[in-house]
Amino acid sequence: MALSLYNTRTRKKELFEPLDAARVGMYVCGPTVYDLAHIGNARPIVVFDLLYRLLRDIYGADHVTYVRNITDVDDKINAAALESGEPISDITARTTKAFHDDIAELNALAPDVEPRATDHIAEMIEMIETLVASEHAYEAEGHVLFHVPSDQGYGKLSHREREDMVAGARVEVAPYKRDPADFVLWKPSQDDLPGWDSPWGRGRPGWHIECSAMSRKHLGVTVDIHGGGADLIFPHHENEVAQSECSRPGHDFVRHWVHNGFLSVEGEKMSKSLGNFITIRQALEGAPGEVLRLMMLSTHYRKPLDWTEEGVQQARTRLDRLYRVLQKANLPALDQEIAISPKGNDFYDALLDDLNTPLALSALERLADDVSKMSAVEMQIHGIGLRLAANLLGLLQQDPEAWFKGGEAESDVGDIEAQIALRLEARKAKDFAAADNIRDALAENGIILEDRPDGSTDWRRAG
RNA sequence: GGCCGGGUGGCAGAGUGGCUAUGCGGAGGACUGCAAAUCCUUUUAUGCCGGUUCGAUUCCGGCCCCGGCCUCCA
């Protein structure tokens, strides 16, 4: 079985065939660094991280290049700086750091290249110049605009007719536009805002041009996969296609367009006005990153995902159960270097089928169920398979002991064990009231006891 | 209005033209001093109306809802 992916452009699930299996490229639209990332931002991070892991597994880690940009020049950043007085460079540096910290908690691997828009101004200007020279773009009042009617193929990604777009336009059409659908490639910048010298005067790039320029620079004229949230299909990705293909006629910009569905919170669209905006950081206060990751993967990536407190709890329970099997299997320590692929089973096939993670998870849980019923020797062997499979999803990355007991300060472990010893003595003396008091006191501190059949007592931290 | 997704058991969420995942939860039982964990058993579903078919949740048509996008929100 081979990997197939849904392609937004053709609206079909297609066999994924890279241009060159030795150099598979994937570009994903990264964050604009003006504020903490929210759980909606986290979805594409997790989805494309999974795709990255899968591609590495299929083609070899050295043959896949994952590029995810950082947008560090944007009007929203300017607005944030104006409001807080914090220098723009401080905002972008601080927010980029926070972004990295947050998504590391979600077990997202770092991309191979993480280009910044401000490091690629020259490439953008060059592309714009090409477009102007070929009359796909024009200068007007210091702006450079892409002339949409000059692109015969415009609309092929989002499947929109130009007339519809114009009719539905909700923003005033700038008077200097030749056509209402024309969009900005370059715009003049005030002295107090970031700007770069260009053939059209001091200015800054439009939103869409950066991804076109950076994708080409780091992955070539044609890239195998370009991904992002479904809301980017139009206008962002449509415009990227226009710029890229008109500046290099005869070459496809992207072979497979992959878009993840939107995320809502407790049934409502996440928005600042509704007050249901959840940052990754806030979500991490309520649950470990792996739980959030499992939650993300519980729904197929193209479907809407409703983020609920109950859903997070369910994910936690599911993950606990998997870790319990791992704990029981008593596997040797993690060694990522020996990671072999769990190919050729229901689990892997589910992932190959357009990243069907809910189905893959069900296969994983069936496997876990089987493993938990095996003999100790078998359990070690098949337990490793279980862990490898989960690792492909970016799950079960921790040692089970650490999962159940880690977290808070390690210092009180001795105290917990002392209390357990006291309780055991009380139980031996049939003083169950005293024993239960100890257990209740520990429970109040988030420590749950589990008596084993052999008479010993284990403990774990409550989620 | 245009385009795109959805409507599955108490909840989450897949597959599938007939054998009806998986998880969470509920119920009963085993184990336990009692719990916790584990194990066993168990309950309930395919928005509405037609059509195709021996048979549809799955295919087709219509309808009703829900959500997203429609120029800078992942």
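Only a predicted model underlies this, so the values are computations on that prediction, with no experimental measurement involved. Lettering of chains follows the sequences in order, A, B, ..., and the numbering in each one begins at 1.
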task = Test side chain to side chain donor-acceptor pair (under 3.5 Å) on A/Ser4 and A/Glu14 and set out the steps.
result = CA-CA 5 Å; A/Ser4 62; A/Glu14 295 175 348; over 6 Å; no

ask   = Between A/His208 and A/His237, does the ring centre distance come in under 6.0 Å?
value = no

inquiry  = Would you say the rings of A/His259 and A/His226 are close, in the sense that their centroids are separated by under 6.0 Å?
reply    = no

query = Got A/Leu54 and A/Tyr348 here, is their nearest side-chain heavy-atom distance under 4.5 Å?
reply = yes

query = Should A/Leu36 and A/Thr95 count as side-chain neighbours, where that means a heavy-atom distance under 4.5 Å?
reply = no

remark   = Closest to the side chain of A/Arg321, out of B/C72, B/A21, B/U38, is B/U38

note = side-chain contact (heavy atoms from CB on, under 4.5 Å) filter on A/Asp119, not counting sequence neighbours, yields A/Arg116

query = Just checking A/His38: base, sugar-phosphate only, or nothing, at a heavy-atom cut-off of under 4.0 Å?
reply = base

message = So A/Leu449, base contact, sugar-phosphate only, or nothing? Heavy-atom distance under 4.0 Å.
response = base

Who does [N] pair with, Watson-Crick or G-U, both distances under 3.5 Å?
N: B/G55; result: none
N: B/C63; result: B/G47
N: B/A35; result: none
N: B/G1; result: B/C70

query = Under a 4.0 Å N-O cut-off, is there an ion pair linking A/Arg460 with A/Glu450?
reply = yes

query = On RNA chain B, nearest-nucleotide positions of A/Lys187 versus A/His159: which is more 5'?
reply = A/His159

ask   = With A/Asp354, which of A/Arg302, A/Lys12, A/Lys303 fulfils salt bridge (charged side-chain N to carboxylate O under 4.0 Å, His left out)?
value = A/Arg302

Restricting both atoms to N or O, compile the protein contacts to nucleotides 40-45 of chain B shorter than 3.5 Å, with distance only.
unit_1: B/C40; atom_1: OP1; unit_2: A/Lys373; atom_2: NZ; d: 3.1

Between side-chain atoms of residues 417-424 of chain A and protein atoms elsewhere (two or more places apart, or another chain), which donor-acceptor pairs fall under 3.5 Å?
unit_1: A/Arg423; atom_1: NH1; unit_2: A/Asp451; atom_2: OD1; d: 3.1
unit_1: A/Arg423; atom_1: NH2; unit_2: A/Asp451; atom_2: OD2; d: 3.0

Within the sub-3.5 Å range, which N or O atoms of nucleotides 5-12 of chain B have a protein N or O partner, and how far apart are they?
unit_1: B/C11; atom_1: O2; unit_2: A/Gln314; atom_2: NE2; d: 3.3

query = What distance separates A/Phe146 CZ from A/Gln243 CD, expressed to the nearest 0.5 Å?
reply = 7.0 Å

Give every pair of a protein N or O atom and an N or O atom of nucleotides 56-59 of chain B that lie under 3.5 Å apart, one pair per line with the distance.
none

Kindly indicate whether the side chain of [X] and the base of [N] share any N or O donor-acceptor pair separated by less than 3.5 Å?
X: A/Asp436; N: B/G33; answer: yes
X: A/Arg324; N: B/A37; answer: no
X: A/Asp451; N: B/A35; answer: yes

message = Measuring only the P atom in each nucleotide, how far is B/U46 from B/C11? A whole number of Å is fine.
response = 13 Å

query = How far does the C1' atom of B/C59 sit from the matching atom of B/G26, given to the nearest Å?
reply = 36 Å

task = Output the residues of residues 416-433 of chain A in contact with RNA chain B, where contact means a heavy atom of the residue under 4.0 Å from an atom of the strand; sort by number or write none.
result = A/Arg423, A/Arg427, A/Phe432

